[in-house]
Amino acid sequence: MASYSCYSVNFTAQSFNPNKPLAPPPNQLSRFSSCQSKLPLLSLHLTQNRSRNRFSKSKASPGLLVAASAEKAEPLRVMISGAPASGKGTQCELITKKYDLVHVAAGDLLRAEVASGTENGKRAKEFMEKGQLVPNEIVVMMVKDRLSQQDSEEKGWLLDGYPRSQSQATALKSFGFDPDIFILLEVPEEILVERVVGRRLDPVTGKIYHLKYSPPETEEIAARLTQRFDDTEEKVKLRLVTHNSNVEDVLSMYGDITVKLDGSQPKLEVFSQIDSILTELLEKKVAALGSVAA
């Protein structure tokens, strides 16, 4: 906020005469007149500043909308789903970087909880040590606890690849976690198979390469690359059958807010579409906040 100062006027008199009104000395009177003459100009400046502020707000960039929504409007709540090798991980990185949402992936969360020795982590570890799948109710509680943390509530969240079933979606809804949008990346099966089968892992750095789309930089790196045991055509097709079945169940819960995108496009083209959708959602949230305030 701009601040403006003006000379104060001190009235003094050498002697008091009740029949003569007090007046400031000539030098002070000139300073007062100078200040008074500036008042209309100051008023004009204030009016212009207010107009510029209104214009700036109406022309806010998506980046400014992100900051504004984080402070005033409800934050974004996003779910994203896609088959293995659909590019979901890449899009999550781009979304998180642009919109500063809390990225929550159930698999990463499970490993972190076990490593930290939390109550949910201890319960999950018992099943994992026996080679058994971790029950849904444990994973749901982990996700619930993470979405309930202060940073998720203040900044908003991006739920990556979860829920995977109708029961999980129902559980999240019962806890009050309703997304603004459910993004589904769709990629033809033949492209998914090619992406998965060509993937390779650098055991030294942990970096993922693809023999065709993202080959290793040197022959030394290429020589040490390994392939995950389930990155075969047979196993990826089985995973796709499971994924497709689960997605249909989840869509029954979020059909009215689902956006399907072609994940076979270049990653930046896919993100451009997601970016437009999320920016529009933010604009609506900010507009809704303004209408309530009005």
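What you see is a predicted model; the values in this text were computed from it and never measured.
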So which atom in Ala124 and which in Val114 form the shortest heavy-atom distance, rounded to 0.1 Å?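 Minimum heavy-atom contact is CB-CG2, 4.3 Å.
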Are Ser81 and Val247 close enough that some pair of their side-chain heavy atoms sits under 4.5 Å apart?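 Side-chain contact under 4.5 Å: yes.
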Under the 3.5 angstrom rule, does the side chain of Arg200 hit a backbone N or O of Pro216 as a donor-acceptor pair?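 No; judged by distance alone, with no hydrogens or angles, the pair does not exist.
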Of the non-hydrogen atoms in Asn136 and Ser165, which two are nearest, and what is the gap between them?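 In terms of heavy atoms, the two residues are closest at ND2-OG, 4.3 Å.
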Carboxylate-amine/guanidinium proximity below 4.0 Å for Lys155 and Asp100: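 Yes, this pair counts.
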Please check if atom CZ in Phe229 has more than 12 non-hydrogen atoms from other residues, nucleotides or ligands closer than 6.0 Å.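 No.
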Between His210 (side chain only) and Glu194 (backbone N and O only), is there a donor and an acceptor less than 3.5 Å apart?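 Side chain of His210 to backbone of Glu194: a pair is present.
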Tell me who clusters with Tyr209, hydrophobic residues only, linked when side chains sit under 4.5 Å apart either directly or through other members.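 Other cluster members: Ile221, Leu225.
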For Arg146, is there any backbone N or O sitting under 3.5 Å from a side-chain donor or acceptor partner on Ser152?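 Checked: pair present.
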Please find the pair of heavy atoms, one from Gly206 and one from Leu201, that lie closest to each other, and give the distance.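 Smallest heavy-atom distance, with atoms named: O-CD1, 3.6 Å.
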How long is the gap from OG on Ser272 to CG on Leu261, to the nearest 0.5 Å?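 Between atom OG of Ser272 and atom CG of Leu261 there are 10.5 Å.
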Should we say atom CZ of Arg239 is surrounded by more than 12 heavy atoms from elsewhere, each under 6.0 Å from it?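 Counting other residues, nucleotides and ligands, CZ of Arg239 exceeds 12 neighbours.
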Just how far is it from atom CG of Asn244 to atom CD of Glu189, taken to the nearest 0.5 Å?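 With rounding to 0.5 Å, CG (Asn244) is 7.5 Å from CD (Glu189).
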Could you tell me which residues satisfy salt bridge (Lys or Arg N to Asp or Glu O under 4.0 Å) with Arg199, sequence neighbours excluded, listed by chain and number?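 For Arg199 the salt bridge (Lys or Arg N to Asp or Glu O under 4.0 Å) partners, ignoring immediate neighbours, are Asp231.
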Donor-acceptor under 3.5 Å (Tyr162 side chain, Gly107 main chain):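 Judged by distance alone, no pair lies under 3.5 Å.
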ILVMFWY network linking Leu101 to Leu185, side-chain heavy atoms under 4.5 angstrom: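 They do share one cluster, since a chain of ILVMFWY contacts under 4.5 Å joins Leu101 to Leu185.
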Could I get the full list of ring pair (Phe, Tyr, Trp, His ring centres under 6.0 Å) partners for Tyr254, not counting sequence neighbours?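 Once residues adjacent in sequence are excluded, the partners of Tyr254 under the ring pair (Phe, Tyr, Trp, His ring centres under 6.0 Å) criterion are Phe182.
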Between Arg111 and Asp108, is a side-chain contact (heavy atoms from CB on, under 4.5 Å) present by the stated rule, with each step listed? CA-CA 5 Å; Arg111 288 185 286 272; Asp108 295 342; 2.6 Å; yes
Could you state whether Leu147 and Val134 fall into the same hydrophobic cluster, counting links through intermediate Ile, Leu, Val, Met, Phe, Trp or Tyr residues with side-chain heavy atoms under 4.5 angstrom apart?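 As far as the 4.5 Å side-chain criterion goes, Val134 and Leu147 are connected within one cluster.
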Hey, is Lys122 close enough to Glu126 for a salt bridge, meaning N to O under 4.0 Å?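 Looking at Glu126 together with Lys122, the answer is no, because their closest N to O distance does not fall below 4.0 Å.
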Check: Arg77 main-chain N/O paired with Asp180 side-chain donor or acceptor under 3.5 Å: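 Checked: pair present.
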Could you go through the side-chain contact (heavy atoms from CB on, under 4.5 Å) check for Val187 and Arg195 one step at a time? CA-CA 11 Å; Val187 180; Arg195 287 179 177 179; 4.0 Å; yes
Charged N-O contact under 4.0 Å between Lys207 and Glu217: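 Result for this pair is yes, salt bridge flagged.
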Where do Arg164 and Val139 land on the side-chain contact (heavy atoms from CB on, under 4.5 Å) test, with the steps shown first? CA-CA 11 Å; Arg164 296 182 180 180; Val139 181; over 6 Å; no
Has Ser252 got a side-chain atom pairing as donor or acceptor with Asp249's backbone, closer than 3.5 angstrom?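 Flag set: sc Ser252 to bb Asp249 pair under 3.5 Å.
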Test your reading of the model: is there a side-chain donor-acceptor pair from Gln227 to the backbone of Thr232, 3.5 Å cut-off?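 No.
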Ser116 and Thr118 side chains, donor-acceptor separation under 3.5 Å: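 Note: Thr118 and Ser116 side chains miss the donor-acceptor criterion.
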Does the distance from a Lys or Arg side-chain N to an Asp or Glu carboxylate O, for Lys237 and Glu233, drop under 4.0 Å?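 Salt bridge flag = yes for Glu233 with Lys237.
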Answer whether the closest heavy-atom distance between the side chains of Glu93 and Phe271 falls below 4.5 Å.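 No; the side chains remain at least 4.5 Å from each other.
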For Phe177 versus Ser148, what's the shortest heavy-atom pair and its separation?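 Taking Phe177 first and Ser148 second, the nearest heavy atoms are CZ-OG, 3.4 Å.
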Between Thr90 and Lys267, what is the shortest heavy-atom contact and its length?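 Of all heavy-atom pairs spanning Thr90 and Lys267, the closest is CG2-CD, 3.7 Å.
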Test item: Ile181 and Leu278 side chains (from C-beta on) under 4.5 Å apart, heavy atoms: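 A side-chain contact exists here, since the closest heavy-atom pair is under 4.5 Å.
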Glu234 CD: over 12 foreign heavy atoms closer than 6.0 Å: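 For Glu234, atom CD is not crowded (no more than 12 foreign heavy atoms under 6.0 Å).
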Counting C-beta onward and ignoring hydrogens, is there a side-chain heavy-atom pair between Thr205 and Arg224 closer than 4.5 Å?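 Heavy-atom side-chain distance check passes, below 4.5 Å.
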Do you know which two heavy atoms are closest between Asp262 and Val270, and how far apart they sit?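 Result for this residue pair: O-CG2, 3.6 Å.
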Report yes if some heavy atom in the side chain of His243 is under 4.5 Å from a heavy atom in the side chain of Leu192; otherwise report no.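 A side-chain contact is absent here, since even the closest heavy-atom pair is not under 4.5 Å.
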When you group the ILVMFWY residues by side-chain heavy-atom contacts below 4.5 Å and let the links chain together, are Leu184 and Ile191 in the same group?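 Different clusters: Ile191 never reaches Leu184 through Ile, Leu, Val, Met, Phe, Trp or Tyr contacts under 4.5 Å.
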Less than 4.5 Å apart, side chain to side chain, heavy atoms only: is that true for Leu76 and Lys285?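 The answer is yes, as the side chains (C-beta and beyond) meet within the 4.5 Å cut-off.
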Linking I/L/V/M/F/W/Y whenever any side-chain heavy atoms sit under 4.5 Å apart, do Ile257 and Leu281 land together?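 Unlinked, Ile257 and Leu281 end up in two clusters.
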What I'd like to find out is whether the side chain of Tyr99 reaches to under 4.5 Å of the side chain of Val78, using heavy atoms alone.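 No, every pair of side-chain atoms sits at 4.5 Å or beyond.
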Please confirm whether the backbone N or O of Ala171 pairs with a side-chain atom of Ser174, one donor and one acceptor, at under 3.5 Å?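 Yes, because the side chain of Ser174 sits within donor-acceptor range (under 3.5 Å) of the backbone of Ala171.
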Would a distance-only check, ignoring hydrogens and angles, find a side-chain to backbone donor-acceptor pair under 3.5 Å from Thr170 to Gln166?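 Yes.
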Atom CG in Leu289, atom CD in Glu74: separation rounded to 0.5 Å?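 If we round to the nearest 0.5 Å, Leu289:CG and Glu74:CD are 9.0 Å apart.
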Beyond-backbone contact of Leu159 with Pro179, side-chain heavy atoms, under 4.5 angstrom: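 Not touching, per the 4.5 Å side-chain cut-off.
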